[in-house]
Each structure stands twice: as structure tokens, then as C-alpha cells.
Undergrad: 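This is the structure, below, for whatever I ask next.
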Amino acid sequence: MPTVMEKEQGENSSPGKTTAPAKQAVDRQNSLSPSGCPFHSGSASEQNGAGSHSEPQQNGSKPAPHGNVASVGSAGSTPPPTNGLYSPTSEVSDELNLKNESEDLETSPKDSKLPGRVGPPRKTRRSKKGGNEKDEKEDFRTISLKLLLPGQTDTIDIMHVAKDTVNDLLQYAFEKPDCCYRTCLSLRLRGRKLDNFSEIGSVSGLKDGSVIELVEEPYTLRDVMVHIQRLQELIGVDVLQSSYTCSNGLSLSFLNPIISTNLDATPTDSKSSEPSDIPLPPDYIAPSSSTSASPPFISNFYPEKLAQYHQNYECLKRLSYSQWNPPTPNRKFKGDLLYIDVKMLEGEEFCITACPSGFYLNRSVPDVSFDPTPRKVAHHCQHLVTLLQQISALFRKNYSLLQKDGERKNVYEIFPVPYPVYPWLLPKQDVKPITFRTDECCGLKAATDELLVGQLRDWNEELQTTRELSSSTLQHRVFRDRALFKVQSDFVQAAIRGAKAAVDGQLYPLNPSELERNHMFLWNNIFFSTGFDGRGHFKDFGGDEAGHAAANYDLQGVSILEKLGIKGLHTLGAVLIDYRGYRVFAQTIVPGLLQREQDTSIVYGSMDNGKNFTRNEEFEKLLTQCGSKLHIRPHKILTESNEEVDIPVSVEVKGIDGTDGRHYVLDLFRILPPDPNYSSYSNEGGEAASVTRNLRHKLYVLRPELMDHYLCAGQRLAMELHMFEEMKKTLSQQQKSEADKGGEADKEGVSNNETEVTSEGQNEPKADSPSKGGVVTNEEVQASLSPDKDMNMIAENELEQLNKDIDISLSSLGDADAVLNNVSIDHTQFPSLQALESSSPAIIILANEDDAGVEFEKTTPTSFSSLLGGQSNVEKPDLDEGGVAEKNEQEGKTNDKTDQSTTETTPTKFKDFDVLFNPDILTAGITHADSAEVLHKDNVNVNELSTYLTKNALPKFVRDCIYLNISPIDGTSLKSLLHSRGINIRYIGKIAMLAKTREDLDHIHRICVTEMILRTAKKRFRKLLLTTPLNRVSANVAHFLNCLLTDTEEIVSDEVAATTKKKSKKKKGGGGSGGGASGPVTKTTSAGKDLSQGKLWKLLVEDVLQHFLYTLEYNSVTHMCTTCGVSKVSLLREFCNKTGVQITLKDYKFSLTAPFSEDDIACIVPVVKHTDFKPLEASGLYELAQVQLQSGNIKVALDYLSEAVQLFAQVFGPLHVNIANCYKVIARIHHALGDSKLAISYQHKTVIMYERLLGVDHSSSISAYFHLAQYCCGAERNVVALRLLYRVRYLIMLTHGEDHPEMSNVDFYIGLLLSNAGHYEESQAYLESALRLQNKFHGSQSITVATTHHLLANSLTHIGAFAEAKQNERKAYNIYRTKFGPDHARTVQSYKDVRYITEKQVSYDQTIELALQGINKSKTSKGTKQ
């Protein structure tokens, strides 16, 4: 069945759309003046002219709305960068089927005839705010137009929405091959020039069928520079080199170079393929015979055919601005705008004059003589490309090849990514001369001069404006989210550049008189501060460590408040950048803040931890709304003047009124409940808790996902209580009815026989049994709810059902808790439910909390914002009724009605379980004004939450790892899984304790140990870089890697030793301090001179024990790697990803004393964190699709996924992780339905997206590779499948090692395909490896083990190893007989196979015996003759 991906690519695809209210936020991105020209005027008239400039690295490589490669220019005449391609956007738009909204509004998913198509959203009705449906339809009506390109007579039919701008039409034209090299263009309707910023529906005289003519305009100086910039984007971008450095919006993708075939073509490697065509596995991925880690070859990280796939066609040797610039006044008024020098591939050099009518050759000789008059054959052309094609045959040839190469590639491979993705390995690149000799290309322009006055972007105004856009209808919300994503991605890119410039010393500080560590910077209207405690605000909370952590928590708080979307409460744009040891916090600027002192700007909050507090009624009202949604209890504090102040959220939250009239909140690092397990202060009783370790800081908080799970679990328990009350009433009525009919019943018999059947299937005494006079005490209820009993249920009723060997002993849990929980907790797990329990004298056992968690995970909101919105179940978003914005406004009324109905029908009010937390309860230095009873309850609440984490969340995570429901492959995937369950990464020490006792959790223990070591090493590395001057960075990084990954004592690099000697001489001679540092560096001494492996390992062991409460029982890193099976390559990869270090691609010999040198350090790149958001409607549709899949409604799930893809694409463009997630599920559905072609098509796009957006060796990319290999197996494309499986095996070895559950599946498929191809000897090693891992992780009696035994027996039979084959087949037969019985088809077939192997063995033995007899007879006859 065809889908949208297979539809014809016509001209009716909808191009990019931009809302008119967000023009300033979206359209100004290309208004920056072109750098590299000292005589550019930059006047307002030029900015509003026909041309505009797009900055190549910052603004020219972002995906515009609806998939435009570049965003809309200020004048609408700048074409999008294509990275050497003419037009990827139109193809992507056609694939996504972004149809006009007017048609889509009338269609529903049920009307979709194609299950895989990108369906439209629901029909939009009148908004709840009284919007006019007629006006909305008028805004989104479609207009059919005809576009006439320059120099052509045939028009192109296009269709646009009335709300689109004229600039969208222009962008669509730029994507055509015949217009990709044109820049200075305008649109005209019957000779009248159209305003680029006007909406199509508002153009007078424009109607269906109107012909829009694309007309070339005269050049200005700015337009000429834009034209040159465009030429550079077309022919001067090296795709592979740009992917290494993440410039021009490019990133790496290895899929197509690996498979070396077109997956959309008809398969040729099916059963007809000869065994010789099947690629044999390379030696570097061969399974090892032992369980110890075998380091993979780093040199195989990049595919062999990568350079061949990304061929770079050189078109010019050099293009630069001529030294004869600027034109003299005489030549200027004759029309000369600029002089350009070019050197062709043939070796000829020309000087080109740019004039308003185009370009022509003049008589000047570059660097020799100046004669601006035109040549005899001047080749006057409107465009540089046309001129160069006329004067050079090689240029004409290579330019054509370049265009064809761009058309050949997958559009997702070259579409710009919103955020940079840096590889940790870089191959050595030969330095080549720069073809385009401009200041931009050479990178010589200072960061302070790059943005001219008047062209800076007001990031705060753009962000706030886009957030305030209308959200009354679905389309309005889509436009708002699209503009917000565009501004946010631009802001992140600008923040990264500014942070790097600040650390590298290219920016001047705002406070130069203060210490360098306290410097603050301002660049491009972005404020930069470092993560140090420069003001002494955190001196009581950990100093610099607290300041470092506060920046991360502050970003988390900004993200939470952005999701809340409280009207009138504004947050600043924030980005966190870790670069060269510095943590830089980039924020937008509060309007008017720089003109005032910070202390006088605060209109709400405290600057001294509550000692003095400024109140503001407006902020208090807004923050009260925030606190209620965050489940924060309003509390009171006392100031120094004994004034009682109400705190709706936290003492640290501050409010500032901007000059724009908006209310801004800052310092949101403590809006979540604190972590009692990592707190040295207890407010209960005012006494310090018994702490056995030194905490880094005192700002540890729990995760919002944990609150999500905890509150929903409590609500479920409340529901269980209510259900029991209903059941109790029913039983009571039945007893009364039976008593009335049959007379008096035997009360004692009733008391002894009545039982309550719990969800565990166990019989428990009824609640009204005569215990203590018929009343059940709170102690009994608490005992029934105790976590220890809950864990007993898990161990006895669940884990033993899977495998008798699976047993998480309570003693080990107790030991781990004793070590971890230093704060004494003398309360039960859910004391907040005592009110519910006391209202009903019943014993309720919450059916195995793990079972509740499993069911809860299917219904709970996947994000904290869903919980904050008051919804505990995932419901389909009402796309017809204005969506979430209106729902939130009616939320209070809806909840009130629900509560009233619940109160009237049930004795237990579910709303009573609404635990409120006090974020300041464990904060030292705050004087609370609440009563002791209230403070005790606050303390109990946060301890409950932390107990739920240690007693429920952690064991459930371990159980899921045992069941292989989750299988993290590296530290990044482990962190993601832990955070999704509300578990902080600092608890991996306890997970390591639990995993250490089980063989089938070796991979979890290995990852946890590695993660703890590398996280502590990262902090030591950061301190090293902070005291390292710029000229010593490479040497100290290499030295630190040598100390971290080798065991030779007293490693001191030659460079460091030399530096030490020089400094000692300077001290003796009275020399000054060593210079050379070009950033905010406090010291210039080499901090690594005293660092050795032994000292570093000792420090790491101490840090792991202090922070993670885990003892590393290893003497060295090599001892750890050998004992745990950790590969040093995996350690190196994780360290580089965490610190941003990029190393040279080569095989490092870790047995050497110093395997790393300073030449091996390729670069240090920033590690970035930023806020992110998901469109609520699209995310809701994706979640609904998951629910429908679990229910078996595949058709409905496909429709929901198609709608989600369309909405995601309209917001993010065609390249985003959310779209990749949808494609992954769609591919899985088509594979299950037997449509391998569609499954491969969707999964192919998924793999490329994951590689480019997350990384070529990310865990999601590895998983996507494996699924694509599975789908290729289903389509009998075995050659492609094997290539993919070889890559998957290499990546798993690289990221983790061979001892991982996923490796068993990979080896199984490799062995299967090799066996089917007749390579039985090669398949044996992989099947044996799969069998070893399956026995370890699945159990010796699992069906997967039996299947592998059967396949291995088949391979062994073909190579003549009949004894081993018979032994394996007998094991398979025994498992089948045990699992299925003697009459099952598998059992019968296995029995036949055993007999067949036995017969073959007997026949083989007889043949061998006869052969031996013949040999003996011949020998005897020869001896007789002699």
C-alpha cells in the first residue's frame, strides 16, 4: 500500500510558513551585516533593500519552519544554504505531505485511506475565547498561484495558505535548481513589486490563478556580498569537513557509506545471491573466547567508503576580494561596487567587477596592475556562476557533477541540524588553502567586531514575543511553537559562540576590575556568567561547587516553569555551556537591568537567604499559581526584623520588573524538594543529622519525575482504599440479605471464613476481623504498606516465576540502605495517607508496588508538565476545542466538579492525597515561622519521597534490568533511563551494590562503576583545566588521559616537566608570572605537573566513596578493567563525550607509558545543555499511538502517528528526534504487518536522523541500526543486513564490550545469516557467543537458548562435528519438551533432528572405518608383496 513517502513529488508541496506577528522573531535572523568587508555601510536603507545576508555558522544553517533550509531573510531575497545541493527542502516537504491547512482541517484520521500517510489534524472549531470560525478559515484558506521564473516561459503551479508571506514564495523559488544560485530577486504581480513581509491573502489583486513573476533586481554592495556568500555555500562547502566540525549545520551519518546500496531499489541480494557475495565478518569484530573485554580498533570507527561517498568536487582554486578594493569615487559613481579575484582550475587568473547589472571581466591583473575597464570579451552576466561557467570548462564540468552528487544523496543527510553534534574522534586532515579568501572564511574577524551596532538581535524580546503569540487554535499554537523553536535554536547557537569567545579571551568583561573568575560578559545581547561563587552567595552551601550545581538546577527550573506556561510569569532564555573547564551560564537580558544595580532591581525576593525580603503582591499571586502546580506548600519565614513573610515557592526565587512591563523570575535552582539522603541539615528539631561523608554542596534536590511517580502511586493507593470500601459495603449488604433470608448466621464462622482477595491473589483477613476489638491500628496499616514487605512480594511472587536464581535479597537491600541513608528516618513509607487510612478501618495491601509501577507507567504522564496540569492519565488532546491553553484555564472548574462528585459518591476523597512539599525545609540559615507540627510534616514528606526512591524506584529499576525490559549500553543511556524514573545519577552507587551480587547484572555494574569513575574524573579534569593556560591545554589534557588510562606510576609529560623547569628558573631570576593565557585564567602554572596515575586513582577512589558511597575495590584502572570487563576504549569514549575532548583517530596502545601526546588532542568542544519543549498536541498523539498499539488497534495507532509526524514537522522541520521516534514506531508496525519495504524505508530515515541528531555511536543509533538489520532480514536483503550487523557489533564493543544482552541478539542474527549463506565455520563462533550470553542473561531453559542450540547444531552438522551437534540438539529438545510438551511441533521436529544427526554420525563413522580398513589393507598388501 503506498504511503506519502512514495507519492509523486509534485509542485503542490507547501513551502515554509511564518506567522506575521512573529516576523521580528523569525525574519531578523539573516539581517546581520556581512563580515569581511571594511567598506560596507550597513545603513538602514540597505538592510531593507532587496538583499539580505545569512551568516553561515550562526544563522544560515537552521531549519526554517516547514523544512526551509534557511530561515526567512529580512528582505526576502536571500536563498537558503544548501550545502552543495540545489534544493532538499521541496523533497522533504513532499515526503512529509505538508498539505494546505484548509484541506487538512476537514479531514480526520478515520478518513485516511493510507495507514502510513501523514494525516492532517482534526477540524478546528470555534475557539473557547469566542474566536470567529469564519475568520480562522479565511486565514488558512489556500490560494493557487503560478510562478514564472526568470528566463523561462513555462509557469510552475504552487499552492499557499493565505496567511503565508510573500517571503515564503520567494524562499520556495530559491529551492528550484534554476534559481539556487540567484540572490537578488523580487516578486511582481502585473509589474507591481510585492512587499516581502505582507501576507499573501492581503495582497490586492491576488487571486487563484494569478501569475507571480520572479524578477532580477539591480545589485547593491550588500547584495554582491550576499551573492558571493551564496556561491560559497554552493561550491565551497566541504560536506565531510563541515560534518567533522559541525559547521554549516552539518553532522555525520555513516549509514549509506556502510550499506553501499540504495535501500529503495529492488533487492538483489535475496536467496539468489551466491555465498561468495555474502560479506564475511571482519577480524576486528570477531568474538573473544573469554568474558574479558577485548578492546576494539578505534581506527575502524569511520567507514572505509565515507570519503568516497562524500566526494568533494573542486570548482575553483581561489576566490577572494581583490586588493584593489574599495573602488575609487570616480569608479564608484560609474557603477563599480566591488572587485573580485578568481583563479580557475586551469591556472588562469581573472579580476571581476561587480556592478548593479551583474558581473564582468575587467582588464586588471591580480596583484600586478589595475585597469577597471571591461575586457574585449567581458562575459557580462547577471550571476557569478554563469560567468565562471563561460570562462572555465572545468568549472562547468565540476559544478554539474556537484549538483548531481547533491541530488543523489538522501535529503536527511545534508539537511541542517538545529544543534551541533560533535564526534569524539577526528581523522587527521591535511590543511588545505582556503578557496574563498574572505575575512569570514579565514576566521580572522574578532568576535567583538562581528556584529555591528544596530544589527544585534534582542533575544529576550524575540523569546517573550513568540511565547505570547496566540494559542487559541491549533494552527496558532503550531505557528507559535515553530517560531519559538526557531528563536531558541538560534539563541543556543549564538550562546555557544559567545561562551567560547568569553573563555578564549576574545570578549571584554563588564567588570574588569574584579577577579578574573568573577568576570561577566555581554555579547550579542546575551549575558554570560561563570559557574563560580563570585558574590559569596553560596559560601554556606558549598562555595564554587554549589555555584556549579546551581547553574544546572537553575536551567532545570527554567525548563519546568516554561512547561507550566503561567500567564504573566516570564523566564529568561538560558543555555548552559561547559567549555575548557568553565561552566558558562548564558541568559537573555532583562530589559533595563543593565541600567540599574541588581540589588535595586529586585522587586521580590531575598538576596541574603531570607534575612531581608522584598515583597510584591503581583509576584506573590503569580508564584502562588506556580507553587500549586508544583505541589509546593506555601510556607512562612522570619526575616532579621522578625517580619513574617509568606513564601509561595522558595526563598531563593527572585522577581524583577523589566522596562517592557513583564514580570521575570530568576534563581530557580531550588524549586524542587531537597534530597534528605544528601543533606547535612535537618529542620526537624533543628539538629544536624548524622553524616559520615563530606558533601560537595548542600543544594541536592530530587527530580520532578520522581514526584510524578510518587504522587500517582499515592493516588492509586487511595483508589485501592476506595475500591475496598465499596467491596466492603457490598459484602455487608450481601451478609445482611442472607441473614434476613436464612435467619441468624454463625458470626464466628463468618469471621473466620470471610476473606479479602488482594490483587496479588493472596488471602488476607478481613478488616473487620476481631483484632484489638475489631479496630485496625495505624501500625498494622503501615506494616502492610511497608517497603520491606513489598520487596518480599517482588522476590517471592514475581522474580521466582521468571528464574529461581533471580533473588534480590532483603539483606543486601538493607545493607545498601544502611550505607546510603545516613539521615535517620523513623516513619513509614506513606504516612501522608494516614488520613485516608484512618477514615476506613481496613487493611489494604497495595498489590506489589512493582506491578503498580508497570501499570502506572502505561497510564502516567510521560512529562512533569502533565502532572502539573492536574492530569494523571494520558487522554487524547482535544484538537477541536482550542487545545491545552483553554484546558488549563478551565482546569480549576473541572477539578472542582470532579472532587464534588467524588465526595458525594465515596467516603474516601482522592483529592485528599495531594502531598505538598517545602523546598526550603532542609536549608540551613532560614528561620521558619511555621509551627513545629507543620515543619515536622514537611520533613516527613520529603523523607517519604526519598524513601520511595530508595525502596521502590531503585529496586524496580534493577528488576527491569533483570527482566531485560531495559538494557542501557553506556553512561548516557543509563542516565536517561534513571532520569525518566526520577532517579538521580548520584544513586548509581546503590545500583552498583545491588547489581554486584548478580551475574546477569554484570553489564549494569560495569556501566555504574565506569560512570562513577568518569564523573569524578571529570571534576578533577575541570579543576586541572581551570588552572591551565591556553598554550598548555593540549599537553595537560594528554597527560591527564595518560594518568587516567594507564598504570605506570609517576607519569609526567615532557612538556609539563619543561614548563616546570622554566618556571623554576624564572623564580630564581625574579621573573614575572608566566603569560600566554588568553582567557579568564587565574593561574598560569601547569597544574598537572604533580599528577600521576597513582595519585589520580587514589583521588578518584576517595571521590567515589564520598559522593556515591561506593568502594572501588581495585588497585588501579587496569585492575578495574580486568575485573569488571571494562574496555579502556569505552572509558576513553565516555570521558571524551563528557568533557568535550576530541582526539585523533588512531589505535592507541594503552600498554605504553604515555599512549597520548599533545598532538593527539584534536580539539575541545563545548558540552551544551538547554531547555527543550514538545508540542503538546503532537506529543499527546504520539502517546495515544503507544496506548493504541498496546491495545492492538494498529490502524488507529498509524493514524495518530501520522498526525504526530505532521505536527512535529510543522514545528521542528523534517529533521528532529521526535519525528525519528515516530518513524521508528511506524517502521515497527509495518514490519509486524509484513510490509518490509515500508518498514525499511521508514527505518532508513530513522537511522540517519538519530546519527545526525544524537551521534553516530549513540545508543539510539545503535538500536536503530539493529532494527534496520532485522527488517532487511525480513525482506531477504541479507548482504545489507550483515553489513549493518557488523557495524552494530563493532559499536557495542566500542561503547560497552561484548558482555551485554544486546550482543546476544546481534551474534544470533550474524550466525543465522552466515549459516543460511553456507558459511558454517564462520557462523559457529557467533552462535557460540550468542549461546554463552543467552545462558547468562536469559537462563539456560529459555526458548532463545533452545533456538540457538538448534542453529548451532545445524552448523556443526554441516562441518562434520556430529558429536557436538547432537549434544546441542538434545539440549534444544529437552527445553522444547519442558516448555511445550512432547507433542508440540518444535519438540517433534527437534526429535527428528536428533535422529537425523545420529544417523549422519553413524554413517560418517562407518565411512571413516571403511576408509581406515581400506588403508590398512593396502598397507598389508604392500607389506606382503615386499
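The first residue of the sequence shown is numbered 1, and numbering continues consecutively from there.
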Undergrad: Taking only residues two or more places apart in sequence, or in another chain, which ones meet Q464 in a side-chain hydrogen bond (donor to acceptor under 3.5 Å, both in side chains)?
TA: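 Only N460, H570 meet the side-chain hydrogen bond (donor to acceptor under 3.5 Å, both in side chains) criterion with Q464.
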
Undergrad: T245: what forms a side-chain hydrogen bond (donor to acceptor under 3.5 Å, both in side chains) with it, not counting sequence neighbours?
TA: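 S247.
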
Undergrad: Applying side chain to side chain contact (heavy atoms under 4.5 Å, CB included) to V665 and F619, what does each step give before you reach the verdict?
TA: CA-CA 9 Å; V665 286; F619 272 100; 4.1 Å; yes

Undergrad: Do any N or O atoms from the side chain of D667 and from the backbone of V653 form a donor-acceptor pair under 3.5 angstrom?
TA: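 Checked: no pair found.
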
Undergrad: K698 vs D540, test: salt bridge (charged side-chain N to carboxylate O under 4.0 Å, His left out). Steps then yes/no.
TA: CA-CA 8 Å; K698 303 176 183 178; D540 297 330; over 6 Å; no

Undergrad: So, do L564 and C626 sit near enough that their side-chain heavy atoms are less than 4.5 Å apart?
TA: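 Sidechains of C626 and L564: in contact.
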
Undergrad: Which class fits the ring pair F1135 and F1021: parallel under 30°, tilted 30 to 60°, perpendicular over 60°?
TA: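 Judged by the thresholds at 30° and 60°, the geometry between F1135 and F1021 is perpendicular.
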
Undergrad: Could you list the residues that satisfy side chain to side chain contact (heavy atoms under 4.5 Å, CB included) with K1019, not counting sequence neighbours?
TA: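 Side chain to side chain contact (heavy atoms under 4.5 Å, CB included) check on K1019 returns E545, R696, R1022.
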
Undergrad: I need the E461 CD to T466 OG1 distance, nearest 0.5 Å.
TA: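 So the CD of E461 and the OG1 of T466 are separated by 9.5 Å.
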
Undergrad: For the atom pair CE (M607) and CZ (F613), what is the distance rounded to the nearest 0.5 Å?
TA: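 The CZ atom of F613 is 12.5 Å from CE of M607, to the nearest 0.5 Å.
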
Undergrad: Salt bridge check, R1032 against E1158: does any charged N sit closer than 4.0 Å to a carboxylate O?
TA: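 Between R1032 and E1158 there is no salt bridge, as every charged N stays at least 4.0 Å from the carboxylate O atoms.
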
Undergrad: Would H663 and E618 count as having a side-chain donor-acceptor pair, cut-off 3.5 Å?
TA: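 Yes, a side-chain donor-acceptor pair sits under 3.5 Å.
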
Undergrad: Let me see the working for H1170 and L576 under side chain to side chain contact (heavy atoms under 4.5 Å, CB included), right down to the final yes or no.
TA: CA-CA 6 Å; H1170 55 84; L576 195 63; over 6 Å; no

Undergrad: CD/Q587 to CZ/F527 distance, rounded to the nearest 0.5 angstrom?
TA: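 The CZ atom of F527 is 7.5 Å from CD of Q587, to the nearest 0.5 Å.
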
Undergrad: Restricting to non-hydrogen atoms, name the atom on N609 and the atom on A924 that form the minimum distance, rounded to 0.1 Å.
TA: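 Taking N609 first and A924 second, the nearest heavy atoms are ND2-O, 3.2 Å.
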
Undergrad: Is a side-chain N or O of T1144 found less than 3.5 angstrom from the main chain of D1160, in a donor-acceptor match?
TA: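 At least one qualifying donor-acceptor pair exists.
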
Undergrad: If every non-hydrogen atom of Y579 is compared with every non-hydrogen atom of I1164, which pair is closest and at what distance?
TA: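 Looking at all heavy atoms of both residues, the shortest contact is CE1-O, 3.3 Å.
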
Undergrad: Atom CG in L1041, atom CD1 in I1143: separation rounded to 0.5 Å?
TA: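 Nearest 0.5 Å value for the CG-CD1 distance: 7.0 Å.
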
Undergrad: Answer yes or no: is there an ion pair linking K1138 with D578, defined by an N-O contact shorter than 4.0 Å?
TA: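 No, this pair does not count.
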
Undergrad: Does either side chain, that of Q1106 or that of D1103, offer a donor lying less than 3.5 Å from an acceptor on the other one?
TA: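 Checked: Q1106/D1103 side chains show no N/O donor-acceptor pair below 3.5 Å.
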
Undergrad: For the residue pair T639 and N612, confirm or rule out a side-chain donor-acceptor distance under 3.5 Å.
TA: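 Distance-only check fails for T639 and N612.
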
Undergrad: Please test N1036 against T1028 for side chain to side chain donor-acceptor pair (under 3.5 Å), starting from the C-alpha separation and ending with a verdict.
TA: CA-CA 8 Å; N1036 278 3; T1028 301; 3.0 Å; yes

Undergrad: Which atoms form the tightest heavy-atom contact between L484 and R467, and what is the distance?
TA: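 Looks like CD1-CG, 3.9 Å.
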
Undergrad: Does any N or O in the side chain of Q488 come within less than 3.5 Å of the main-chain N or O of T1171, such that one atom is a donor and the other an acceptor?
TA: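 Confirmed, Q488 side chain pairs with T1171 backbone.
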
Undergrad: Check the angle between the aromatic planes of Y582 and F532 and answer parallel, tilted or perpendicular using the 30° and 60° thresholds.
TA: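 Judged by the thresholds at 30° and 60°, the geometry between Y582 and F532 is perpendicular.
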
Undergrad: Is there a donor-acceptor pair closer than 3.5 Å between any side-chain N or O of N1042 and the backbone N or O of A1038?
TA: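 Checking the backbone N and O of A1038 against the side chain of N1042, a donor-acceptor pair under 3.5 Å is found.
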
Undergrad: Could you give me the CA-CA distance, side-chain angles and deciding distance for E1134 and K1018, then say whether salt bridge (charged side-chain N to carboxylate O under 4.0 Å, His left out) is met?
TA: CA-CA 10 Å; E1134 283 287 338; K1018 181 180 69 173; over 6 Å; no

Undergrad: Flag the pair T1139 / V1167 as yes when at least one side-chain heavy-atom distance between them is below 4.5 Å, and no otherwise.
TA: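 A side-chain contact is absent here, since even the closest heavy-atom pair is not under 4.5 Å.
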
Undergrad: With L561, which of I566, L668, V649 fulfils side chain to side chain contact (heavy atoms under 4.5 Å, CB included)?
TA: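 That would be L668; it is the only one of I566, L668, V649 passing the side chain to side chain contact (heavy atoms under 4.5 Å, CB included) with L561.
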
Undergrad: Give the minimum heavy-atom separation between P704 and L672, together with the two atoms involved.
TA: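 Shortest heavy-atom separation between P704 and L672 comes out as CD-CD1, 3.7 Å.
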
Undergrad: Less than 4.5 Å apart, any side-chain heavy atom of T530 and any of R583?
TA: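 Result no, sub-4.5 Å side-chain heavy-atom pair not found.
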
Undergrad: Do the rings of Y419 and F485 sit parallel, tilted or perpendicular, given the 30° and 60° boundaries?
TA: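 Correct class here is perpendicular.
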
Undergrad: Below 4.5 Å, heavy atoms only, C-beta onward: do K1169 and V575 meet side chain to side chain?
TA: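 In short, these two side chains do not touch, never coming nearer than 4.5 Å.
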
Undergrad: Going through the checks in order, is the side chain to side chain contact (heavy atoms under 4.5 Å, CB included) test met by R615 and V645?
TA: CA-CA 8 Å; R615 306 187 63 177; V645 180; 4.2 Å; yes

Undergrad: Tell me every residue that passes side-chain hydrogen bond (donor to acceptor under 3.5 Å, both in side chains) with D675, counting only those two or more places apart in sequence or in another chain.
TA: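 Listed in chain order: R986, Y987.
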
Undergrad: Within the structure provided, determine whether F491 and K486 are in side-chain contact (heavy-atom separation under 4.5 Å).
TA: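 Not in contact.
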
Undergrad: Test side chain to side chain contact (heavy atoms under 4.5 Å, CB included) on W424 and V1141; report intermediate values, then the result.
TA: CA-CA 7 Å; W424 64 282; V1141 174; over 6 Å; no

Undergrad: Please give me the minimum heavy-atom distance between M1012 and V1104, naming the atom from each residue.
TA: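 Minimum heavy-atom contact is O-CG2, 3.8 Å.
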
Undergrad: Quick check, are the ring centers of F521 and Y508 under 6.0 angstrom apart?
TA: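 That pair fails the under 6.0 Å test.
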
Undergrad: For Y422 and Q1142, indicate whether the former's side chain and the latter's backbone hold a donor-acceptor pair under 3.5 Å.
TA: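 Judged by distance alone, no pair lies under 3.5 Å.
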
Undergrad: Regarding R457 and D490, does a basic nitrogen lie under 4.0 Å from an acidic carboxylate oxygen?
TA: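 Judged by the 4.0 Å cut-off on N to carboxylate O distance, R457 and D490 do form a salt bridge.
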
Undergrad: Minimum heavy-atom separation for D1172 to S559, with atom names?
TA: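 Looking at all heavy atoms of both residues, the closest pair is O-OG, 4.3 Å.
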
Undergrad: My understanding is that only residues two or more places apart in sequence, or in another chain, count here; which of them pass side-chain hydrogen bond (donor to acceptor under 3.5 Å, both in side chains) with D660?
TA: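 In terms of side-chain hydrogen bond (donor to acceptor under 3.5 Å, both in side chains), with neighbours along the sequence ignored, D660 is linked to R662, Y664.
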
Undergrad: Working to the nearest 0.5 Å, report the span between NZ of K654 and CG of N616.
TA: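 K654 atom NZ to N616 atom CG measures 15.0 Å (nearest 0.5 Å).
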
Undergrad: Please determine if K539 and D533 form a salt bridge, counting it only when a charged side-chain N lies under 4.0 Å from a carboxylate O.
TA: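 No.
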
Undergrad: Holding to side chain to side chain contact (heavy atoms under 4.5 Å, CB included), I want the full list of residues that pass it with A550, two or more places apart in sequence or in another chain.
TA: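 With neighbours one apart ignored, the set is F538, F669, L699.
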
Undergrad: Is any side-chain heavy atom of L1025 less than 4.5 Å from a side-chain heavy atom of F1040?
TA: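 Counting from C-beta outward, L1025 and F1040 never come under 4.5 Å.
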
Undergrad: Distance check, rounded to the nearest 0.5 Å: T571 atom OG1 versus E562 atom CD?
TA: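 Result: 4.0 Å between the selected atoms.
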
Undergrad: In terms of side-chain heavy atoms, does S606 have a donor or acceptor partner in D608 at a distance below 3.5 Å?
TA: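 Short answer, yes.
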
Undergrad: Take E652 and H537 through the test side chain to side chain donor-acceptor pair (under 3.5 Å) and record every step on the way to the result.
TA: CA-CA 11 Å; E652 294 294 343; H537 183 72; 3.0 Å; yes

